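Quick note: residue numbers are just sequence positions, from 1. Hydrogens, waters and symmetry mates are skipped; everything else that's a heavy atom, side chains included, is used. All ligand and atom numbering here is 1-based and tracks the order in the structure. What you are looking at is a predicted structure, and each value in this text was computed from that prediction instead of being measured.
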Amino acid sequence: MIEGKYDVRATVIPADLSQPVTPQSLYDAALNAKLEIEILVNNAGFGLGGAFMETDLERETEMIQVNAVALTQLTKLFGRSMVKRRRGYIMNVASTAAFQPGPLMSVYYATKAYVLSFSEAVAEELRNTGVTVTALCPGATATDFAETAQITNTRLFTHLGVADAEAVAGYGYKAMMRGERIAVPRLRDRIMIQAERIAPRSLVTRLSRLAQENR
Ligand SMILES: NC(=O)c1ccc[n+]([C@@H]2O[C@H](COP(=O)([O-])OP(=O)(O)OC[C@H]3O[C@@H](n4cnc5c(N)ncnc54)[C@H](OP(=O)(O)O)[C@@H]3O)[C@@H](O)[C@H]2O)c1
């Protein structure tokens, strides 16, 4: 599909990132195929809605593996090669969920807080190396995400407006090419994040819960 639309060669390597060995085998596969990875986009991720004491622990453990552990492994493996070449871009897909706790989706929000914190820290370590790390932080976006996470009826997805996936990806790409550390596509979300910094944490958490509740 991509090859038909653009003048590029695409190599697809299907892999399950919930398996701890996958990042290393992906890296080895890229090496064997002599692919020099200039841009790493850690986009794979999923969520799960529900009260923490009632949600499925196995699914949440898988989520931590995909959203946080695999992303960390891939950043290290491909990042090291980039630093050696003194050139590269890494984009880690976090979320606006990274900026506050998320009652009724607690593990997902925590994984995204990890992605944001981790990405900013590594970005600072890599200052002046020719390699940049960008944390893309979209708000609710029209993809399969809400369905997979079983949160299609939450206020977040029914009342607060859902962004277009292509617009979010385009925004993230441009921010990554500029080497920006944090990219929040929507102005509304940028304002909300600033407001949250001065609001009491308990109020922020309560409002976050309201967004995660069903309408
Ligand atoms: N949509 C939103 O509202 C929203 C908001 C903020 C952040 N995000 C983040 O954006 C990223 C992309 O999600 P999306 O919105 O595009 O949702 P999506 O349509 O459900 O896509 C999720 C992607 O993650 C991949 N994935 C999930 N589990 C995987 C696994 N075990 N191994 C390998 N790949 C796996 C899926 O691959 P397959 O298609 O092969 O299953 C798919 O490409 C995620 O990190 C998500 O947390 C989404």
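Counted by atom type alone, Asp16 and Thr22 present zero donor-acceptor pairs between their side chains at under 3.5 Å. A donor-acceptor pair shorter than 3.5 Å can be found between the side chains of Glu60 and Thr55. A donor-acceptor pair shorter than 3.5 Å cannot be found between the side chains of Asn153 and Asn214.
In this structure, the side-chain contact (heavy atoms from CB on, under 4.5 Å) partners of Glu62, at least two apart in sequence or on a different chain, are Ser18, Phe46, Arg59.
Between Phe145 and Tyr108, the ring center distance clears the sub-6.0 Å criterion.
Phe52 and Leu156 fall within the same hydrophobic cluster, defined by Ile, Leu, Val, Met, Phe, Trp and Tyr side-chain heavy atoms under 4.5 Å apart, directly or through other members.
Among protein residues, Ala15, Asp16, Leu17, Ser18, Asn43, Ala44, Gly45, Phe46, Val66, Val93, Ala94, Ser95, Tyr108, Lys112, Pro138, Gly139, Ala140, Thr141, Thr143, Asp144, Phe145, Phe157 come within 4.0 Å of ligand 1, judged on heavy atoms.
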